[in-house]
Protein chains: 2
Amino acid sequence: MPSTPPTPVQRVQIDAGAELRLVALEMFAENGYSGTSLQQIADAAGYSKSSVLYHFRSKEALFEAALTPAVAELDLFLESIVEKLTNDEHRSGFVEEFIDLLLEHRLAAHIIINQGQTLSDIPIIDQATGLIGRIGESFMSGLPTTQQRIRLGIALAGAAYVMVALRPSAVELDDLDEVREALIDVVTELITPL
Amino acid sequence: MPSTPPTPVQRVQIDAGAELRLVALEMFAENGYSGTSLQQIADAAGYSKSSVLYHFRSKEALFEAALTPAVAELDLFLESIVEKLTNDEHRSGFVEEFIDLLLEHRLAAHIIINQGQTLSDIPIIDQATGLIGRIGESFMSGLPTTQQRIRLGIALAGAAYVMVALRPSAVELDDLDEVREALIDVVTELITPL
DNA sequence: CCCTAACCTGACCGATCGGTCAGCGCCTGC
DNA sequence: GCAGGCGCTGACCGATCGGTCAGGTTAGGG
């Protein structure tokens with residue numbers, strides 16, 4: 001019998017750091033940053049509080065680690081925006097990508113939207129709101145009337161908030177697809193006259 | 001010289017309860033419910049923590065007292081809705097009143113929108129979200145397609161969120177009027193096809 | 001077989017949390 | 001002038017907060 005290969009076996013969930021990041025993301029979204037204690041996170045993940053602080057130097061570091069993937073993708077999205085908006089034909093694609101980005105990182109979006117002002121002194125939150133601001137600016141390069149700015153705000157904030165308001169339990173996969181298309185339609189309709 | 005009247009004099013701000021309610025509302029909106037301590041509220045209002053707890057039996061009672069006026073007006077608004085919606089001519093008035101209601105109670109709206117899910121176990125929050133839900137239901141009595149529900153959601157949530165996002169410092173009175181009209185226009189445009 | 005390093009934990013720390021309580025000064029009606 | 005209640009306070013309570021630390025356990029390489 002040949003020697004067994006060097007254990008690439010079942011990697012179900014042995015990465016404690018990633019597991020803690022996920023649990024923390026859910027709880028921060030559900031109960032808020034200051035409303036979630038390290039003890040609660042540790043209990044939910046099946047570790048001790050000390051263990052959480054072994055993997056992450058502080059509560060804020062854990063928060064930052066939990067949000068980092070979403071913010072990184074948001075950053076990539078911003079970089080790709082410039083060419084998207086110069087080519088007029090790609091504008092609808094812009095909306096689609098933005099909605100998909102929000103859907104993929106719903107929990108992170110929930111946190112940034114609902115707690116962004118409160119937690120503005122945490123670096124990654126500051127970075128995220130900065131990115132969002134630059135997306136808005138680059139979109140309406142000639143930021144014309146108040147009415148137009150309000151229109152854009154309602155489109156993006158409304159879409160984000162509707163998505164965020166979806167309770168995780170209420171997410172049937174079919175419905176999610178339907179929601180996705182409806183969001184793309186309505187947002188596209190709102191921003192095309194700009 | 002006639003006797004001085006029984007001191008109806010300057011009532012600048014001697015009602016400690018009302019003053020505390022106001023300060024608490026601002027701080028709860030700014031830093032969140034669990035992110036605001038009774039000590040911070042007391043300091044900001046110029047009282048001791050004990051004094052706050054003399055006027056309000058608990059932190060939750062103070063929170064409830066701070067939100068009560070807004071929720072009461074929301075309740076009145078819901079009662080007036082039925083006749084507004086049966087008379088087709090008053091539909092635009094509906095939007096106008098709703099926007100004005102949000103503008104008048106911006107801080108309370110901020111709290112209910114951003115912390116409603118988190119604080120769903122507090123009675124007045126439960127009441128407020130219940131009222132909002134009934135407003136939505138009574139508006140789209142025949143809740144038709146997903147697309148139409150999303151449209152309504154974006155209109156109302158977007159408007160509310162745009163308003164909430166206005167930093168208090170950024171509120172010039174002229175701008176506020178401009179924002180009000182823009183909001184009414186866009187929201188009306190969104191919900192008229194329903 | 002032992003040494004090391006990674007992982008995890010309970011005990012403990014000072015600070016702060018929401019809340020209680022006894023008592024202070026002051027105004028008012030008798 | 002005195003009794004009583006209202007507004008307000010500091011001292012204090014147990015619980016919990018985020019965070020530190022010394023030590024226990026385990027797996028792997030020499």
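Only a predicted model underlies this, so the values are computations on that prediction, with no experimental measurement involved. Every chain is numbered from 1, with letters handed out A, B, ... down the list of sequences.
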**Fill in**
Scanning both residues in full, the closest heavy-atom pair of Gly32(B) with Thr118(A) reads N-OG1, 4.2 Å

**Item:** Where Ala61(B) and Phe56(B) come nearest, the two heavy atoms and their spacing
**Value:** O-CD2, 4.4 Å

**Asked** For residues 54-67 of chain B, which residues have at least one heavy atom under 4.0 Å from DNA chain D?
**Response** Tyr54(B), His55(B)

**Prompt:** Mapping Ser50(A) and Ser37(A) onto DNA chain D by nearest heavy atom, which one lands closer to the 5' end?
**Reply:** Ser37(A)

**Message:** Test of understanding: with salt bridge (Lys or Arg N to Asp or Glu O under 4.0 Å), list the residues that count as partners of Arg180(B), not counting sequence neighbours.
**Reply:** Glu96(B), Asp100(B)

**Request:** Only pairs at least two apart or in different chains count here, so list each side chain to side chain donor-acceptor pair (under 3.5 Å) that has a residue in residues 49-59 of chain A.
**Result:** none

**Val23(B) versus Ala45(B), closest heavy-atom pair with distance** = CG2-CB, 4.1 Å

**Request:** May I ask you to test the Ile154(B)-Leu183(A) pair for a side-chain heavy-atom distance under 4.5 Å?
**Result:** yes

**Fill in**
Glu73(B) meets the salt bridge (Lys or Arg N to Asp or Glu O under 4.0 Å) criterion, sequence neighbours left out, with none

**Message:** At less than 4.0 Å, is any side-chain N or O atom of Ser48(A) found next to OP1 or OP2 of dT9(C)? Yes or no.
**Reply:** yes

**Asked** Shortest non-hydrogen contact from Ala155(A) to Val187(A)?
**Response** O-CG2, 3.8 Å

**Message:** Which heavy atom of Ala128(A) sits nearest to which heavy atom of Ile112(A), and what is that distance?
**Reply:** CB-CD1, 3.8 Å

**Complete:** Students should find that the nucleotides of DNA chain D closing off the region near chain A, any atom under 4.0 angstrom from a heavy atom, are dC17(D) to dT20(D)

**Message:** In whole Å, I'd like the distance from the OH atom of Tyr47(A) to the C1' atom of dC7(C).
**Reply:** 10 Å

**Request:** Determine the contact category for Ser34(A): base if any of its heavy atoms lies under 4.0 Å from a base atom, sugar-phosphate if only primed atoms, P, OP1 or OP2 are that close, otherwise nothing.
**Result:** nothing

**Asked** Does any non-hydrogen side-chain atom of Asn114(B) lie less than 4.5 Å from one of Gln115(A)?
**Response** no

**Item:** Global bending angle along the helix from dC1(C)-dG30(D) to dC30(C)-dG1(D), which compares the axes of five pairs at either end, to 10 degrees
**Value:** 10°

**Request:** Could you tell me whether Leu53(A) contacts a base, only the sugar-phosphate backbone, or nothing, with contacts defined as non-hydrogen atoms closer than 4.0 Å?
**Result:** base

**Request:** Look at the rings of Phe63(B) and Phe28(B) and say which category their plane angle falls in: under 30° parallel, 30 to 60° tilted, over 60° perpendicular.
**Result:** perpendicular

